[in-house]
Amino acid sequence: ASHSLWDTTRGPGQYIETNASSPRSVGTNGLTEFTSSGWMAGGELTTNYSGRGYAGYHFIRKPGFFDMQFYNGTNSGATYVYHDLGVMPGWILQKNLDSSYAWRVWTNGLNQGTLLELNDQGAAFKDGAIGAVNAQSFVVDGNGNDLGEYVAYIFGGSETSNNIKA
């Protein structure tokens with residue numbers, strides 16, 4: 001089964017899958033529109049196939065809780081990505097929207113410079129894709145700064161523990 005993410009910035013026609021490293025997908029019959037009370041589902045397997053159950057999770061940008069940032073990779077050294085949480089993040093999910101790079105995952109429970117891959121069962125590894133995380137920004141380098149458009153989903157953390165705010 002696919003785990004698809006849509007957002008109001010990219011619009012209903014584009015989605016990415018958390019269980020795959022593929023670039024963004026375009027479809028017109030999955031999530032068909034955002035409404036004032038949620039969204040409308042079309043008939044694709046990702047949203048509305050007969051006989052299957054679906055769960056929807058909705059996050060709103062809110063200081064201290066959740067932010068989403070888009071940035072363009074420069075392929076030339078470290079780049080700062082600024083966010084609007086106002087607190088130290090607890091969890092950052094990052095995906096190159098244009099290429100088949102794995103999802104990079106940073107959490108405050110790991111040492112700086114250590115990451116996980118969301119769509120892989122491997123152990124944590126050293127990588128400069130996400131680093132120098134603080135209450136205003138984080139730095140991307142290496143596989144987190146190759147050419148292409150990226151999205152970063154940033155969840156607020158706790159100053160006193162290795163938890164994310166939920």
Side-chain angles (χ1 to χ4, degrees), residues 1-12 14-25 31 34 38-39 46-47 54-74 77-146 148-166:
S2 295
H3 305 281
S4 304
L5 301 178
W6 286 267
D7 59 70
T8 56
T9 302
R10 288 179 293 135
Q14 294 185 33
Y15 62 94
I16 47 181
E17 296 177 331
T18 59
N19 59 313
S21 60
S22 55
R24 73 181 122 206
S25 297
L31 189 148
F34 290 102
W39 47 271
T46 56
T47 57
Y54 293 87
Y57 301 94
H58 307 266
F59 298 100
I60 188 167
R61 287 180 169 163
K62 182 178 176 187
F65 176 66
F66 176 74
D67 191 25
M68 177 178 60
Q69 294 293 325
F70 291 88
Y71 68 94
N72 289 309
T74 63
T79 299
Y80 284 87
V81 177
Y82 294 91
H83 61 79
D84 298 318
L85 279 181
V87 299
M88 179 72 172
W91 194 34
I92 300 173
L93 303 172
Q94 172 217 53
K95 177 71 179 99
N96 183 315
L97 299 173
D98 298 324
S99 298
S100 293
Y101 290 119
W103 285 81
R104 299 290 195 222
V105 179
W106 176 89
T107 176
N108 60 4
L110 297 172
N111 294 325
Q112 287 282 353
T114 303
L115 302 176
L116 298 166
E117 288 184 352
L118 184 63
N119 50 314
D120 189 294
Q121 295 179 16
F125 59 95
K126 291 284 189 185
D127 190 306
I130 302 171
V133 179
N134 64 52
Q136 291 80 37
S137 66
F138 57 94
V139 173
V140 294
D141 201 357
N143 288 334
N145 196 25
D146 285 343
E149 184 182 12
Y150 289 79
V151 63
Y153 298 105
I154 311 156
F155 293 84
S158 170
E159 298 293 329
T160 59
S161 71
N162 292 334
N163 295 324
I164 61 169
K165 292 190 177 182

*Where V139 and A132 come nearest, the two heavy atoms and their spacing*: CG2-CB, 3.8 Å
*Of the options I92, L5, D67, which is the one that meets Y153 in a side chain to side chain contact (heavy atoms under 4.5 Å, CB included)?*
L5
_D146 CG to D141 CG distance, which is reported to the nearest 0.5 Å_ = 9.5 Å
*How many angstroms lie between atom OG1 of T107 and atom CD1 of I130, to the nearest 0.5 angstrom?*
10.5 Å
*Closest contact, heavy atoms only, L110 versus A124*: CD2-CB, 4.2 Å
*Rounded to the nearest 0.5 Å, what's the gap from CZ on F125 to CG on L115? Could you check?*
5.0 Å
*Do I16 and R10 have side chains that get closer than 4.5 Å, going by heavy atoms?*
yes
_Less than 3.5 Å apart, any donor N or O on the side chain of Q94 or Y71 sitting next to an acceptor on the other?_
yes
Distance-only donor-acceptor hits, side chain of residues 81-88, under 3.5 Å, sequence neighbours excluded:
| from | atom 1 | to | atom 2 | distance (Å) |
| --- | --- | --- | --- | --- |
| H83 | ND1 | L85 | N | 3.2 |
| H83 | NE2 | N134 | O | 2.9 |
| H83 | NE2 | S137 | N | 3.3 |

*Taking the side chain as C-beta and beyond, is there a heavy-atom pair between Y80 and Q136 under 4.5 Å?*
no
*Mind checking side-chain contact (heavy atoms from CB on, under 4.5 Å) for V105 and listing every partner two or more places apart, or none if nothing turns up?*
W91, L93, L116, L118
*N111 side chain vs T114 backbone, donor-acceptor pair below 3.5 Å*: no
*Minimum heavy-atom distance W103-T18, with the two atoms named*: NE1-CA, 3.5 Å
*Within 6.0 Å of CZ in F70, more than 12 heavy atoms from elsewhere*: yes
*Please report the shortest heavy-atom distance between S100 and S22, naming the atom on each side.*
OG-CA, 3.8 Å
*Report the residues that fulfil salt bridge (charged side-chain N to carboxylate O under 4.0 Å, His left out) with R24, sequence neighbours left out, ordered by chain and then residue number.*
D98, E149
*asked:* Nearest 0.5 Å, please: how far is OG1 in T9 from CZ in F34?
replied: 8.5 Å
*Taking all non-hydrogen atoms of both residues into account, name the closest pair between F138 and A152 and its distance.*
CZ-CB, 3.8 Å
